[in-house]
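Below is one structure, written out as structure tokens, with a few remarks after it.
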Amino acid sequence: MTDESKKILFSTETLRETVQRLARQITEDYRGKDLLMVGVLKGSFVFLADLARAVDLPCEVDFLAASSYGSGTASSGNVTITHDLSVPLKDRDVLVVEDIVDSGHTLAYLMKVFASRSPRSLRLCTLLDKPSRREAEVHPDYVGLEVGNQFIVGYGLDYDEKYRNLPYISVLGD
Ligand code: IMP
Ligand code: MG
């Protein structure tokens, strides 16, 4: 047993049920549409892999990487795209898939950039939401689980690039 497993916030089973619930809703909402899932690297890679397999529809997947210059565990308003998408968004039904919305700076910026590329529709699905930390206006269309003001790791989320491969989510620290 690792140290992190002692402070489990969301178990593998809770995450599985949450992904299934989101996937059922997305399957209903996107039936007959041209679904393109856009994952924000790196944090979303585990969630997106599970979500895409649970959605019962044909869909395409693409990724982009963004970074926001801030210190330690906080992000800032200075967001840049470090690796852009490989497909145009024009006339696509785009579902952005994110691990967590915290201050909202990253997604506020990215949603603006994506909207400027003329998708047919644009929605945001986040596994985790920290609404109490919001500084920029972001309104996810699909939210898995809410989190308080805690720094968490696992299931794609890192601290200093570690813990992304934990199959559950735990609270870092103490
Ligand atoms: P925001 O721009 O403040 O909304 O932060 C977005 C990014 O910060 C997320 O996509 C994560 O990569 C990272 N982040 C925010 N909160 C956490 C956390 O509790 N654990 C790990 N990463 C986090
Ligand atoms: Mg992220």
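Hydrogens, waters and symmetry mates are skipped; everything else that's a heavy atom, side chains included, is used. Read the numbers this way: they start at 1 and go in the same order the structure lists the ligands and their atoms.
Between the Arg21 side chain and the Gly144 main chain, a donor and an acceptor come within less than 3.5 Å of each other.
Not a single heavy atom of Val153 lies less than 4.0 angstrom from ligand 1. Using a 4.0 Å cutoff on heavy atoms, Gly104 counts as a contact of ligand 1. Residue contacts with ligand 1 include Lys130, since one or more of its heavy atoms lies under 4.0 Å from the ligand. Proximity of Leu107 to ligand 1 is not established, as no heavy-atom distance is less than 4.0 Å.
Contact check for Leu22 versus Cys125: side-chain heavy atoms found under the 4.5 Å cut-off. Arg164 is not listed as a side-chain neighbour of Leu157, based on a closest heavy-atom distance of 4.5 Å or more.
Compare Tyr163, Phe151, Tyr159 by their heavy atoms: the one nearest to atom 17 (C) of ligand 1 is in Phe151. One option in Val138, Val171, Thr106 has a heavy atom closer to atom 7 (C) of ligand 1 than any other, and that option is Thr106. Looking at Ile152, Asp102, Ile100, it is Ile100 that brings a heavy atom closest to atom 13 (C) of ligand 1.
Every atom of ligand 1 is numbered from 1 in the order shown, and the set under 4.0 Å from a heavy atom of Glu98 is 10 (O). Near Gln150, with a cut-off below 4.0 Å to any heavy atom, the atoms of ligand 1 are 19 (O).
Remark: Asp56 engages no residue in a salt bridge (Lys or Arg N to Asp or Glu O under 4.0 Å) (not counting sequence neighbours).
Rounded to the nearest 0.5 angstrom, Thr126 OG1 and Asp141 CG are separated by 11.0 Å.
Ring orientation note: the planes of Phe151 and Tyr159 are nearly perpendicular, at an angle over 60° on the 30°/60° scale.
Counting heavy atoms under 4.0 Å from ligand 1, residue Asp158 touches it through the backbone alone.
Backbone and side-chain nitrogen or oxygen atoms of Leu157 are examined, and none is located within less than 3.5 angstrom of a nitrogen or oxygen of ligand 1.
Taking each heavy atom of Ser170 and Lys7 in turn, the nearest pair found is CB-O, 3.1 Å.
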* Begin with the C-alpha distance, continue with both residues' side-chain angles, and end with the deciding distance and a verdict on side chain to side chain donor-acceptor pair (under 3.5 Å) for Asn165 and Tyr155. => CA-CA 6 Å; Asn165 63 326; Tyr155 200 71; over 6 Å; no
